Amino acid sequence: MPSYFTSSPGKVILFGEHAVVYGKVATAGSLGLRSYSLVQTRTDRAIGVSLPDVQLTRTWAMNDIPRQARWEGYPYPPPMNEALLEQLAKIVNLGTQTNRSQAAIALMYLHSHLTTDEIADKGYDFSVRSNLPVGAGLGSSASYSVCVATALLKLNGHLAVGMDAIAQRDLVNQWSFQAEKVIHGNPSGIDNTVSTFGGAVMFKKGEKIEPLPGFQSLRFLLTNTRVPRETQVQVANVRKLWEKFPTVVNPMLDAINEISASCKDLFSQQGLERAHLLTQFGELVDVNHGLLAALGVSHPSLEKVREISSKLGLKSKLTGAGGGGCALTLIRDDVSTETVAVVKQLLEAEGFNCMETSVGGPGAGILTLNGPTSITEFLSHEKAYFEQGLDWKYFV
Ligand SMILES: Nc1ncnc2c1ncn2[C@@H]1O[C@H](COP(=O)(O)OP(=O)(O)O)[C@@H](O)[C@H]1O
Ligand SMILES: C[C@@](O)(CCOP(=O)(O)O)CC(=O)O
Ligand SMILES: [Mg+2]
């Protein structure tokens, strides 16, 4: 049996986080930071799981994990099975609401549906490591979910030869959304969609994504405040505010929707000077942050990023669920290298972690290797190893 490496990117939400959960439009792009997974069969009917980023190494006996009978629409996901989730939480037995347990339950939920008799008879090892910070707003959960979905679909032969690239990615996207549901509760689907398909897009729940050409040329500084937070908690807090004051919150969500619409207008205006485009983009960044702060998802550390960057004339907003995690700062073309260096220095002096990035790279990919590979070797190599001259298939 071959081994499969899979890889999928994190994402950055430029406009529209939280509002997107309520059916509003959001704008997002894939990041250069990615997660990588390795899956390969065993011979002893066990599932070996190694997730070093959440400190989990554990082996389960195949017979201990229930498998679902085939359902209508197989292999596309059936509606979420809450009873199965509860059952898996007990079997996995890693506590509730911990990073490790959510990751393991999401994996087992997909395993339960996708594992064929042939693979169940052998067992498999599954391992993930990521270059993304976990729980910082860059979509590590979605990137992890896409790796799980791609690996299990491929291992079990569901990404059949002859299935076209779009259909394959659609299947991966649907299953990674299920895994995101296990981790987040009520995700919009934007993170797994961007991680699966890559690129820079406008996203609205239930609609086809719309590519945004031109975004690849934008430069951003990402600042991880290192203040931990969980997406699930931030999303639930916004929900409480919305339930309490719907007439106040709904217009705010509508306003956020219009930010993505205005952004799209900016990029489609013929002849608009780039300097003007970037200035206006920065103004939208500012407005979006203000609305998110009003929804209660900012944090003193995120306000600190805004204070420091605005002193040097730069616009920042929180990105992802907020409450800590990462902020995004637009680097206009006229901003000098020295200015960027000063901002970074000031932010890092606060204990934050900065990186420059652009958005819109490739989505999920698979690399098929012949014969077994050592997981230890896999885990000891950094990202570069996987990108050196290897024939990744991005389903295209
Ligand atoms: N590399 C990884 N290995 C295992 N689980 C991961 C990994 N990255 C993310 N996760 C899962 O995703 C959760 C974090 O998701 P979330 O709170 O949505 O933050 P983020 O903004 O990073 O997506 C973790 O608790 C864990 O369950
Ligand atoms: C807040 C939200 O819009 C994005 C969450 O992103 P992250 O998990 O913080 O990377 C939630 C969602 O869209 O499901
Ligand atoms: Mg997430």
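Counting starts at 1 for both ligands and their atoms, in listed order. What you see is a predicted model; the values in this text were computed from it and never measured.
Ring geometry, Trp71 versus Tyr74: the interplanar angle exceeds 60°, so the pair is classed perpendicular (tilted spans 30 to 60°). Ring pair Trp242/Tyr22 is tilted by interplanar angle, where 30° to 60° counts as tilted. Under the 30°/60° scheme for interplanar angles, the aromatic rings of Phe281 and Phe220 are found to be tilted.
With ligand atoms numbered from 1 in the order given, ligand 1 contributes 1 (N) to contacts under 4.0 Å with heavy atoms of Ser130. If you number the atoms of ligand 1 from 1 as listed, the ones under 4.0 Å from a heavy atom of His184 come out as 16 (P), 18 (O). Short contacts between ligand 2 and Arg229, defined as distances under 4.0 Å to a heavy atom of the residue, involve ligand atoms 9 (O). For ligand 2, the atoms sitting less than 4.0 Å from at least one non-hydrogen atom of Gly320 are 6 (O), 9 (O), numbered in the order shown with element in parentheses. Atom numbering of ligand 1 starts at 1 in the shown order; those under 4.0 Å from a heavy atom of Ala136 are 21 (O), 22 (O).
Of all protein heavy atoms, the one lying nearest to atom 5 (C) of ligand 2 is Thr231 CG2, 3.6 Å. Protein heavy atom at the shortest distance from atom 9 (O) of ligand 2 is Ala321 N, 2.9 Å. Nearest protein neighbour of atom 4 (C) of ligand 2, counting heavy atoms only, is Ile13 CD1, 3.7 Å. Given atom 2 (C) of ligand 2, the protein heavy atom at minimum distance is His18 N, 4.0 Å. The shortest contact between atom 11 (C) of ligand 1 and any protein heavy atom is with Ile183 CD1, 4.1 Å. For atom 14 (O) of ligand 2, the nearest non-hydrogen atom of the protein is Ser188 N, 2.8 Å. Taking atom 7 (C) of ligand 1 as the reference point, the nearest protein heavy-atom neighbour is Tyr144 CB, 3.9 Å.
In the displayed structure, Lys122 atom NZ is contacted under 6.0 Å by more than 12 heavy atoms of other residues, nucleotides or ligands.
In the model, Arg129 has no side-chain atom that pairs as donor or acceptor with a side-chain atom of Ser37 under 3.5 Å. Side chains of Ser143 and Ser140: no donor on one and acceptor on the other come within 3.5 Å. Glu303 and His289 share a donor-acceptor pair across their side chains, judged by distance under 3.5 Å alone. Under 3.5 Å, the side chains of Thr329 and Ser316 contain a donor-acceptor pair of N or O atoms.
Judged by the shortest distance from any of its heavy atoms, Arg129 lies outside the 4.0 Å radius around the atoms of ligand 1. Ligand 1 has no atom lying under 4.0 Å from any heavy atom of Ser35. Not a single heavy atom of Gly320 sits less than 4.0 Å from an atom of ligand 1.
Every N/O-N/O distance between Glu17 and ligand 2 stays at or above 3.5 Å. Annotation: Gly189 places no N or O atom under 3.5 Å from an N or O atom of ligand 2; distance criterion only.
Within the 4.0 Å heavy-atom criterion, neither part of Lys181 lies near ligand 2. Residue-level proximity to ligand 2 for Lys11 is carried by the side chain, the only part with a heavy atom below 4.0 angstrom.
Side-chain N or O atoms of Thr27 include none that pairs as donor or acceptor with a backbone N or O of Leu14 at under 3.5 Å.
For residue Thr231, no N/O/S atom approaches the Mg ion (ligand 3) to within less than 2.8 Å.
Looking at His184 and the Mg ion (ligand 3) together, the shortest N, O or S contact belongs to NE2.
Distances from atom 2 (C) of ligand 1 to the heavy atoms of Thr98, Asp53, Leu51 put Asp53 nearest. Between Ile105, Leu132, Val182, Val54, it is Val54 that holds the heavy atom closest to atom 4 (C) of ligand 1.
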